[in-house]
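Throughout, residue positions are numbered sequentially from 1 according to the sequence presented. These numbers come from the heavy atoms of this one structure, side chains and all, not from hydrogens, waters or symmetry mates.
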Amino acid sequence: MSLNGDLEHFPIIDVIQLLHGSRKSGVFRLSSKKGESQLVFHDGDLVSANFLNSRVRIGQVLVSAGAITEEQLVLALDIQKNAGDDRKPLVITLLEHNMVDETAAYNGIESLIEMTIVEVLTWKEGHFSLDTGRSGSGDGYHFSRTKFPQRILLNSQGILMESLRIFDEKVRDGTMEEILSIAGVGNLDLDAEQPGINAPAITSAESDQERSPILLQQLLAEQRYMIQRSSDQSYREVDAVKKLIVDEFPSGAKDQKRQLLSLLAGPVPESSALAMPQGIAVIVITQSPLLSTMIRSICCQEGIYAVSSDTMASLEINVRLLLCQALHLVIFFDVPHEDAAQDTVQICRDLLKYPQASVVLVACAHFWVTQGLEALSSGIRSIIPRPCKVCDDESSLQPTLAFCSELGAFLQSLSSECKNSDDQRFFTCISRLRTCKTRGEIADAILAYLIAVFERAIVFMVTEAELVAEQSFGVKGDKDDGVVPLTNLCIPLDDQPIFEDVITTGRMYYGFHSDSDCPHQLYRIIGRPDSPEVLVFPLVRANTVVALIYADFELKAAPSPSLYYLDALLHYTTAQISVSAYRGKLKSLLEQQRTQGIVRS
């Protein structure tokens, strides 16, 4: 399995948290114009790194630290070289042959990883790819077959926090050019060619130095609207569209041609141009320039990002690019009348390898009669009628006009469905969490996710003896009123055993409440729900549950919430609360230093 993306739209902070929370193993490659760095994960923990085209590796770090000698490094590399399929990472080789102390190995790996992350944090743009193949990698990282000693497994979240601290410190002190000192290798001659490696030396462009004071807020900022990045409107130019219409309908009625031209090349309403993305992105696969223009023009008018391709070959790269965004993909696949003999059903099945996407066939009446039901049974989302000269009157533009007129409403229906889907709500919540700076904002984001499924919810702050309500929805009024403050509601910590369990373990709970014929304090105040299923979602900071969210279905039957997404959000919020707490602590420290400086002066 491989994962690719753009660091501009999915920052390294988010990716590391995701890999940590999902316990992934693999080689995480990060590339920019400076070169390529690597981080190696094992079940969500970090185990190694390579810095910029392998110019700094763990062996060099350990030699510079005096943990091993150059002779021991050469010997270990020779053992690796002759190990064949049993080749193991260098640190494992050193440990197994008693060449390095475990503590020294841990410290060396930690500093190399931190240096690599800090370097990537200075990048304005870059690309990442994660190779989670089970057979190992060409770099010798057989992470799936290696048993790493527990003492050299580095907690990804802890490393990330320390890297952010170092990054902010170097930005503040203006010492980012001394980045190699993090791993104690400032004396390395990076210009010298290294054994088996012929990579360019590390360089820092002047433009990068000028913009090095990157604020952490920028790294966590909300991603740009995709519609604002869709600047190429040449396909909608009047002359280009007019030629397509004339070529396609040479004998068509002039008034209908003008009407179609107005639909496709008319000015985009300002409200659409500035609107937020509609929850979906469209990929059009067609060899018809007119159909491509029709679908993309209507998408543009509806504020929907759309790209077009005339072959299947370029589909994957478009899908990967769009997967970096919090949007649901809709693939429009064109089936012209003359191509009815092609194996369209098999192509539909092949497209289902993208579970994140909905596949819509654009086909004529002939296809519907011959293969329509078979295509639907293959798992595609729907089939919409395609204007067809063979099935329709060749001289008539009416079916084409009808297609363009109704396509917008169809796209809006897809957008509405996707906005309400678990997938889209999850991605929207993740996007919102990236911008959160306080625990309160994080709780608001989770409540916004829960409100679509649960009928009421309460955020409780955990104190020494009781749970103190802060805000809620559906408790003091209808949930359509949204999230509102909730005061004067406190319950004992032991009101329900499930509360105690969540606070003690930090694990989310979804199941039956522990109420009996004698209601607990919470249900005496808000009323006992008819459905016994409840959710208790902890908000964790520094291994302590500082707040929790209680949610239930009140008087309605319980639907089935996505426990997979809720668990993923738990991991993400835990990381985000830690980052937010660190940022607050750092801000307070900097303010204190500034105040002391003023007093001294």
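- More than 12 heavy atoms of other residues, nucleotides or ligands lie within 6.0 Å of CD in E441, so this atom counts as buried by the packing criterion.
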Could you walk me through whether I384 and F403 satisfy the side chain to side chain contact (heavy atoms under 4.5 Å, CB included) test, starting with their C-alpha distance in whole Å, then the side-chain angles of each, then the deciding distance to 0.1 Å, before giving a yes or no? CA-CA 9 Å; I384 61 175; F403 179 88; 4.0 Å; yes
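- Scanning both residues, Q301 and L263, for their nearest heavy atoms gives NE2-O, 2.5 Å.
- For the residue pair P387 and P399, the shortest heavy atom distance occurs at CG-O, 4.0 Å.
- Nearest heavy-atom pair, G126 versus S32, reported as atom, atom and distance to 0.1 Å: CA-CB, 4.3 Å.
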### Message
For a side chain to side chain contact (heavy atoms under 4.5 Å, CB included) check, start with the C-alpha distance between F41 and S25, then their side-chain angles and the critical distance, and finish with the verdict.
### Response
CA-CA 5 Å; F41 286 83; S25 296; 5.5 Å; no
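- D552 CG to I458 CD1: the interatomic distance, rounded to the nearest 0.5 Å, is 8.0 Å.
- The ring pair (Phe, Tyr, Trp, His ring centres under 6.0 Å) test with F454 singles out one residue from Y449, F553, Y550, and that residue is F553.
- The number of heavy-atom neighbours closer than 6.0 Å to NZ of K257, taken from other residues, nucleotides and ligands shown, is above 12.
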| said: Walk me through whether S308 and T286 qualify under side chain to side chain contact (heavy atoms under 4.5 Å, CB included). | reply: CA-CA 7 Å; S308 181; T286 178; 4.3 Å; yes
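- Nearest heavy-atom pair across L264 and C404 is CD2-SG, 3.9 Å.
- At a threshold of 4.0 Å, the pair K243-D247 counts as salt-bridged, since one of the basic side-chain nitrogens sits closer than that to a carboxylate oxygen.
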Exercise for review: Kindly indicate, with the supporting measurements, whether the criterion side chain to side chain donor-acceptor pair (under 3.5 Å) is fulfilled by D444 and Q471.
Suggested key: CA-CA 9 Å; D444 284 343; Q471 53 191 336; 3.2 Å; yes
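- Taking the side chain as every heavy atom from C-beta outward, L569 and F537 approach each other to under 4.5 Å.
- Between K479 and E554 there is no salt bridge, since no side-chain nitrogen of the basic residue lies less than 4.0 Å from a carboxylate oxygen of the acidic one.
- One distance of note links CG of L411 with CD1 of I295; it measures 8.5 Å at 0.5 Å rounding.
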Side chain to side chain contact (heavy atoms under 4.5 Å, CB included) for L397 and L260? Distances and angles first, verdict last. CA-CA 8 Å; L397 279 168; L260 183 58; 4.2 Å; yes
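- Taking CD of E248 as the reference point, atom OG1 of T293 lies at 11.0 Å (rounded to 0.5 Å).
- Heavy-atom minimum distance, L433 versus Q576: O-NE2, 2.9 Å.
- One distance of note links CD1 of I113 with CG of L160; it measures 11.5 Å at 0.5 Å rounding.
- Contact between S288 and R386 at its shortest, heavy atoms only, is CB-NH2, 3.8 Å.
- Atoms CZ and CG, from F128 and L39 in turn, are 12.5 Å apart once rounded to the nearest 0.5 Å.
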